[in-house]
Amino acid sequence: MDPTLDLDAIRTIVVRNGVIAALRDDAPVAADPEVERVDCAGMVLCPGFIDPHVHLREPGDAHKETLASGLAAAAAGGFTAVAAMPNTRPAIDDAASIRRIARDAAAAGRVRTYVIGAVTRGRDGTTIAELRSMASAGAVAFSDDGSSTASLKALYNAALSIADLPQPFLSHCEDRSFGDGLMHDGAVADLLGVTASPSIAETAIAARDALVARATGKAWHLCHVSAAETIDVIRWAQGHGVRLTAEVTPHHLLCTDQALLGYDARMRVNPPLRSESDAAAMRRAVADGIITIFASDHAPHTTEEKEPPLSHACAGFSGLETAIGATFHALPDVALAVMVANFSTNVAALLGVAGGTLKVGSPADITGLYLDRPWTVEPHRFKSLGRVTPFAGMKFAVQPALAVVGGEIVV
Ligand SMILES: [Zn+2]
């Protein structure tokens, strides 16, 4: 299945020297013992899935995740590449850090790791980092993820300063004046009496950043969209020729603030789980082609760090190993070609990286899926060090079965 080739057919993928050498409609005769054959009967083979939003926690928080455990989780989850967010400790905000993470990740695992640089130094929200030298060092995008870039002036000037470069900006949309919110401001928060953050905390920054994208002409991307009103902003921007894309996570497609009724600290994420109508709006936005990218927002923490009370629990959870199953589960009516594009082709286009296609000559990065092999989420089996997930015990039909990176079978 390859949306870039308009291909949905039975083929033999021939790989040579890490590159896709041919797509044959017959199986090659098994004569050459030098040729390794992999039987993928029953699987759908797709261009390798790329997760544009993961937190690998190194440097600074190796007790939550290491590059090795995070990349093992990515491969187990069916991903052949990930993009690492820079909100580590210290933040990835200079060329040397970009090079170091890329080098350490290449040593730690086979899954390709792209590195995102911080927009501002130390993610302080005001002092523009050395974007151009980070871009030269290989940064694929820029983001202060974990929070919004606080200063509009800094964000605008940062975008203008590299208007000639292809690297997009990725926005975590959350007005910091609502930073103390533990959950979505709705009926459930009222019932629980918990400090909450309303949708406008996201939508207002999404609108601000869409205006920066329009004013500067930069390619822009909104991370983990969660509020129905934000879809209106995206629709407006896309309708006015702004180069703006958006991603959604499995949990914002599938879960709502109802999950927090028992003060369940596992369910604390940022942005928060919102109402059923918000989740429905996310699913519709995918179906309508307004949201064109899936992201796990893999954010591992130790089990202790995810324990109650809600006010002390860290936001986020390990998502790489459930992302494919949960996302397909949330969107049973979206065409397979669209699902594959959102997991692969569109992510490669966003980050300007190779892959996202099975075209002859491209890197042999391949994800294999069983579309109907029900499995139960068992967090104790995770490769990720983070074992907390709101999906524990859930059953998903779509199962990642194969991850091939540069022609090598990783899982
Ligand atoms: Zn974020």
Side-chain angles (χ1 to χ4, degrees), residues 50-57 60-61 64-65 70 82-89 91-93 114-120 122-125 139-150 155 168-184 197-210 212 220-227 230 233-234 244-253 255 267-274 278 282 291 293-301 305-306 313-320 323 327 347 350-351 386 389-390:
I50 307 166
D51 190 333
H53 192 146
V54 305
H55 300 279
L56 295 178
R57 302 303 190 200
D61 285 295
K64 296 175 191 272
E65 192 81 292
V82 297
M85 279 295 182
N87 60 334
T88 48
R89 295 186 304 161
I92 303 168
D93 63 358
Y114 302 112
V115 188
I116 298 164
V119 177
T120 57
R123 295 173 52 250
D124 71 357
V140 294
F142 295 104
S143 178
D144 278 340
D145 184 54
S147 44
S148 298
T149 303
L155 188 63
F169 282 74
L170 320 180
S171 289
H172 169 116
C173 300
E174 179 190 29
D175 188 281
R176 64 175 168 166
S177 59
F178 290 102
D180 57 347
L182 303 179
M183 64 178 295
H184 172 61
S197 177
S199 294
I200 196 169
E202 171 178 292
T203 308
I205 297 294
R208 182 197 75 166
D209 291 7
V212 176
W220 219 279
H221 177 72
L222 303 185
C223 297
H224 42 51
V225 173
S226 66
T230 306
V233 169
I234 301 166
L244 184 86
T245 53
E247 75 192 23
V248 67
T249 69
H251 44 286
H252 290 112
L253 290 165
C255 307
M267 305 298 180
R268 185 167 175 203
V269 292
N270 193 13
L273 302 177
R274 299 196 190 271
D278 289 300
M282 296 308 114
I291 291 177
I293 286 177
F294 297 137
S296 73
D297 194 6
H298 177 78
H301 300 288
E305 289 167 333
K306 288 297 288 178
C314 291
F317 63 91
S318 280
L320 276 165
T327 304
V347 189
L350 167 70
L351 301 176
T389 166

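Each ligand, and each atom within it, is numbered from 1 in the order the structure gives. FYI, the numbering just counts along the sequence from 1.
Between Phe317 and His251, the two ring planes are perpendicular [angle over 60°; tilted spans 30° to 60°].
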- [ ] Please step through side chain to side chain contact (heavy atoms under 4.5 Å, CB included) for the pair Arg274 and Met282, ending with a clear verdict.
- [x] CA-CA 11 Å; Arg274 299 196 190 271; Met282 296 308 114; over 6 Å; no
Open item on the list: Please determine whether ring-ring contact (aromatic ring centres under 6.0 Å, His included) holds for the pair His53 and His224, giving the CA-CA distance in whole Å, both sets of side-chain angles, and the decisive distance to 0.1 Å.
Closed with: CA-CA 9 Å; His53 192 146; His224 42 51; 5.1 Å; yes
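Shown are Asp209, Asp145, Thr149, Ile205; of these, the side chain to side chain contact (heavy atoms under 4.5 Å, CB included) with Ser171 is made only by Asp209.
Taking distances strictly below 2.8 Å, the protein N/O/S atoms close to the Zn ion (ligand 1) are Asp145 OD1, His172 ND1, His224 NE2.
In terms of the salt bridge (Lys or Arg N to Asp or Glu O under 4.0 Å) criterion, Asp175 has no residue partners (sequence neighbours excluded).
At a threshold of 4.0 Å, the pair Asp61-Arg89 counts as salt-bridged, since one of the basic side-chain nitrogens sits closer than that to a carboxylate oxygen.
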